[in-house]
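Worksheet: one structure, shown below.
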Amino acid sequence: MRIARFSIDGNVAFGAVEGEGPDGLVLDIIKGIPYAEFELSGTKVPLNKVRLLPPVLPNKVVAIGRNYAEHAAELGNEVPDVPVAFFKPTTSVIGSGDAIEYPSFSNELHHEAELAVVIGRMCREVPRERVKDVIFGYTCANDVTARDAQKREKQWARAKGFDTSCPLGPWVETDLDPQDLTIQATVNGEQRQLGRTSDMIRSIEDLVVHITEAMTLLPGDVILTGTPAGVGPLHVGDEVAVTIEGIGTLTNKVIKRG
């Protein structure tokens with residue numbers, strides 16, 4: 001099931017996305033929130049009549065760096081012995097169709113297409129065999145990075161945590177096997193990244209176990225699982241799209257921060 005979060009007439013709701021094609025999609029509004037048992041209301045709204053919002057509002061986004069060997073190599077880095085984890089704040093999260101604001105402190109903005117894991121229940125110290133039980137679904141993500149700031153600052157908080165640096169969307173797919181999916185990024189229609197989730201160094205199970213050894217994850221929290229090779233520059237006016245097999249396409253335009 002595809003679960004979207006949207007705004008219409010000033011009201012925010014969740015809905016199940018039904019249908020196919022850009023003009024045939026409708027939202028069946030959900031009663032309540034999707035992390036618990038819910039019912040579909042039967043009230044349906046055309047998707048093109050609403051504004052899509054970030055599909056979740058995470059308490060935290062935990063991102064993993066250098067989880068694809070070719071990406072680590074393209075930036076001159078070794079594959080780390082343990083997963084490299086960092087945070088992106090909630091103020092970095094935007095939805096599909098929202099603008100990425102080019103930060104004033106950077107001259108080298110990069111796209112990073114990623115599979116995002118959405119957590120469905122509060123969990124801590126999750127054993128490997130229970131990982132699937134705590135996952136709500138999956139969505140597309142773009143770990144937008146101020147690469148020059150990342151190079152000169154030991155902590156990545158500014159480089160990867162600035163406002164609008166975490167596009168998520170367009171919705172959450174709850175029925176998906178994430179082990180071997182095509183993941184790609186295009187800029188102005190030109191392909192930049194193309195990889196498969198099967199090329200991850202550490203699996204989703206590895207990452208959930210590793211993260212929850214240290215912290216509690218809450219419903220709606222997001223894990224970014226790393227990016228394949230091919231990261232590259234974004235400029236004001238560019239349109240960047242992240243497409244993941246079985247999920248859909250997340251599209252954002254880069255604008256000058258006003």
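- By the criterion of side-chain heavy atoms lying less than 4.5 angstrom apart, applied directly or through intervening Ile, Leu, Val, Met, Phe, Trp or Tyr residues, Ile204 is grouped together with Val62 in one hydrophobic cluster.
- Residues Ile64 and Ile211 meet the side-chain proximity criterion, which asks for heavy atoms closer than 4.5 Å.
- Residue pairs meeting the ring-ring contact (aromatic ring centres under 6.0 Å, His included) criterion with at least one member in residues 150-181, sequence neighbours excluded: Phe86-Trp156.
- The local environment of CE in Met215 is crowded, with over 12 non-hydrogen atoms from other residues, nucleotides or ligands closer than 6.0 Å.
- Following chains of ILVMFWY side-chain contacts shorter than 4.5 Å, one can reach Met200 starting from Val242, so the two form part of one hydrophobic cluster.
- Counting only distance, with no hydrogens or angles, the side chain of Lys88 and the backbone of Val93 share no donor-acceptor pair below 3.5 Å.
- Counting heavy atoms from C-beta outward, Leu47 and Leu52 have side chains that approach closer than 4.5 Å.
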CA sep, side-chain torsions, deciding dist, call: Glu70, Asp199, side chain to side chain contact (heavy atoms under 4.5 Å, CB included): CA-CA 9 Å; Glu70 290 186 3; Asp199 293 329; over 6 Å; no

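- Minimum interatomic distance between Asp221 and Thr216 (heavy atoms only, all atoms of both residues): OD2-O, 4.4 Å.
- Side-chain atoms of Arg196 come within 3.5 Å of backbone atoms of Asp180 as a donor-acceptor pair (strictly under, hydrogens ignored).
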Derivation of the side chain to side chain contact (heavy atoms under 4.5 Å, CB included) call for Leu168 and Ile94: CA-CA 6 Å; Leu168 298 174; Ile94 58 174; over 6 Å; no

Step-by-step side chain to side chain contact (heavy atoms under 4.5 Å, CB included) determination, Leu217 to Lys60: CA-CA 8 Å; Leu217 296 178; Lys60 54 189 169 292; 3.8 Å; yes

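- Rounding to the nearest 0.5 Å places CG of Leu27 at 11.0 Å from CG of Leu40.
- Residues His111 and Ala185 approach most closely at ND1-CB, 4.1 Å, considering heavy atoms.
- The ring-ring contact (aromatic ring centres under 6.0 Å, His included) check on Tyr102 picks up nothing, with sequence neighbours excluded.
- Each ring-ring contact (aromatic ring centres under 6.0 Å, His included) pair with one or both residues in residues 121-142, not counting sequence neighbours, appears once here: Tyr35-Phe136.
- Between Ile247 and Leu176 there is a side-chain heavy-atom pair separated by less than 4.5 Å.
- Across Asp148 and Glu108, no two heavy atoms sit closer than the pair OD2-N, 3.5 Å.
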Got a list of side-chain donor-acceptor pairs under 3.5 Å for residues 2-22, not counting sequence neighbours?
| from | atom 1 | to | atom 2 | distance (Å) |
| --- | --- | --- | --- | --- |
| Arg2 | NH2 | Gly19 | O | 2.9 |
| Arg5 | NH1 | Pro54 | O | 3.0 |
| Glu18 | OE1 | Lys44 | NZ | 3.0 |

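- Under the 4.5 Å side-chain heavy-atom criterion for ILVMFWY residues, no single connected hydrophobic cluster contains both Met122 and Val56.
- In this structure, Asp206 and Pro83 have side chains that are not in contact, with every pair of non-hydrogen atoms separated by 4.5 Å or more.
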Derivation and outcome, side chain to side chain contact (heavy atoms under 4.5 Å, CB included), residues Asp28 and Ser41: CA-CA 7 Å; Asp28 192 336; Ser41 68; 3.8 Å; yes

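- Note: Glu101 CD to Ser165 OG = 11.0 Å, rounded to the nearest 0.5 Å.
- Placement of Val134 and Val61 in two distinct hydrophobic clusters is found when ILVMFWY residues are connected by side-chain heavy-atom separations under 4.5 Å, directly or transitively.
- Ion pairing between a basic and an acidic side chain is recognised when a charged N comes within 4.0 Å of a carboxylate O; Arg130 and Asp133 show such pairing.
- Two residues are said to be in side-chain contact when any heavy atoms from C-beta on lie closer than 4.5 Å; His110 and Arg192 fail this criterion.
- With hydrogens and angles ignored, the 3.5 Å screen pairs a side-chain donor or acceptor of Thr174 with a backbone N or O of Met1.
- Nearest heavy atoms, Thr139 versus Ile244: O-CD1, 4.1 Å.
- Between atom NZ of residue Lys160 and atom OG of residue Ser92 there is a gap of 11.0 Å, rounded to the nearest 0.5 Å.
- Within 6.0 Å of CG on Asp175 lie no more than 12 heavy atoms contributed by other residues, nucleotides or ligands.
- Looking only at distances, no side-chain donor or acceptor of Asn252 sits under 3.5 Å from a matching main-chain atom of Ser96.
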Salt bridge (charged side-chain N to carboxylate O under 4.0 Å, His left out) assessment of Asp177 paired with Lys132: CA-CA 10 Å; Asp177 182 348; Lys132 290 183 179 179; over 6 Å; no

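- When the side chains of ILVMFWY residues are joined at heavy-atom separations under 4.5 Å, either directly or via intervening members, Ile135 and Val209 end up in a single hydrophobic cluster.
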Residues 222-240 side chain polar contacts: donor-acceptor under 3.5 Å, at least two apart:
| from | atom 1 | to | atom 2 | distance (Å) |
| --- | --- | --- | --- | --- |
| Thr225 | OG1 | Leu115 | O | 2.7 |
| Thr227 | OG1 | Ala113 | N | 3.2 |
| Thr227 | OG1 | Ala113 | O | 2.8 |
| Thr227 | OG1 | Gln193 | NE2 | 2.8 |
| Asp238 | OD1 | Asn188 | ND2 | 2.9 |
| Asp238 | OD2 | His235 | N | 2.7 |

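- Here the side chain of Asn59 pairs no donor or acceptor atom with the backbone of Gly220 at under 3.5 angstrom.
- Screening residues 41-68 for ring-ring contact (aromatic ring centres under 6.0 Å, His included), with sequence neighbours left out, gives no hits.
- Side-chain atoms of Pro178 and Thr197, non-hydrogen and from C-beta on, never get closer than 4.5 Å to each other.
- Looking at Thr251, its side chain never comes within 3.5 Å of a backbone N or O of Ala241 through a donor-acceptor pair.
- Across all non-hydrogen atoms, the minimal contact from Gly248 to Pro170 is C-CD, 4.3 Å.
- Atom SG of Cys140 is separated from atom CD of Gln184 by 10.0 Å, given to the nearest 0.5 angstrom.
- Within 6.0 Å of the CD atom in Glu129, the count of heavy atoms belonging to other residues, nucleotides or ligands exceeds 12.
- Side-chain contact between Pro103 and Leu109: present, with at least one pair of heavy atoms (C-beta onward) separated by less than 4.5 Å.
- Atom CZ of Arg257 has more than 12 neighbouring heavy atoms from other residues, nucleotides or ligands inside a 6.0 Å radius.
- The shortest side-chain heavy-atom distance between Arg128 and Ser203 falls under the 4.5 Å cut-off.
- Of the possible polar contacts, none joining the Thr182 side chain to the Glu245 backbone as a donor-acceptor pair under 3.5 Å is found.
- Thr212 approaches Cys123 most closely through the heavy-atom pair CG2-SG, 4.2 Å.
- Formation of a donor-acceptor pair under 3.5 Å by the Thr145 side chain with backbone atoms of Arg147 is not found in this model.
- In this structure, Thr43 contributes its side chain and Ile29 its backbone to no donor-acceptor pair below 3.5 Å.
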